[in-house]
Amino acid sequence: MKISMVLVIIIGIVSAISTIALTGKGDQDYSKATKGNLMNLTLIYMGLGVISAIGIAYVLIKLA
């Protein structure tokens, strides 16, 4: 169970870093057009992080 939680956290961090790293590439017009998309992705990752934390806390409380 601990391994699963660690893997979820690692995958989340790697995907967030990869998304941020990839947004710096491309031409100027594309970069201007993706600013809104980057904000949407950031909000999605933040929401996913909150939901994941709640889920992990729930599982840990149920197992205790």
Side-chain angles (χ1 to χ4, degrees):
M1 181 61 105
K2 291 181 182 180
I3 294 173
S4 301
M5 286 187 267
V6 170
L7 286 175
V8 167
I9 291 169
I10 290 172
I11 290 170
I13 291 170
V14 169
S15 61
I17 291 171
S18 298
T19 301
I20 292 170
L22 289 175
T23 58
K25 296 182 180 179
D27 62 340
Q28 288 291 43
D29 293 332
Y30 183 77
S31 296
K32 290 178 184 176
T34 58
K35 286 184 182 180
N37 292 336
L38 179 59
M39 179 56 72
N40 291 338
L41 283 172
T42 302
L43 292 174
I44 290 170
Y45 281 126
M46 288 173 52
L48 181 62
V50 169
I51 292 170
S52 297
I54 292 170
I56 290 171
Y58 176 77
V59 169
L60 291 176
I61 290 171
K62 283 294 190 178
L63 289 177

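We number each residue from 1, following the sequence as shown. On a predicted model such as this, the values are computed, not experimentally measured, just so you know. Because only heavy atoms are used, hydrogens play no part in the values below, and waters and symmetry mates are left out as well, while side chains stay in.
In Met46, the CE atom is not crowded: 12 or fewer heavy atoms of neighbouring residues, nucleotides or ligands sit closer than 6.0 Å. Within 6.0 Å of CG on Leu43 lie more than 12 heavy atoms contributed by other residues, nucleotides or ligands.
Residues Leu63 and Ile56 are members of one and the same hydrophobic cluster, defined by side-chain heavy-atom contacts under 4.5 angstrom among Ile, Leu, Val, Met, Phe, Trp and Tyr.
Nearest heavy atoms, Gly12 versus Ser15: O-OG, 2.9 Å.
Evaluated for a side-chain contact (heavy atoms from CB on, under 4.5 Å) with Ile17, the options Val14, Ile13, Thr19, Ile20 yield exactly one hit, Ile13.
Separation of atoms CG (Asn37) and CD1 (Ile44) is listed at 9.5 Å; rounding is to 0.5 Å. Atoms CD1 and CE, on Ile3 and Met5 in that order, are 10.5 Å from each other to the nearest 0.5 Å. For the atom pair CG (Leu41) and OH (Tyr45), the distance works out to 6.0 Å, reported to the nearest 0.5 Å.
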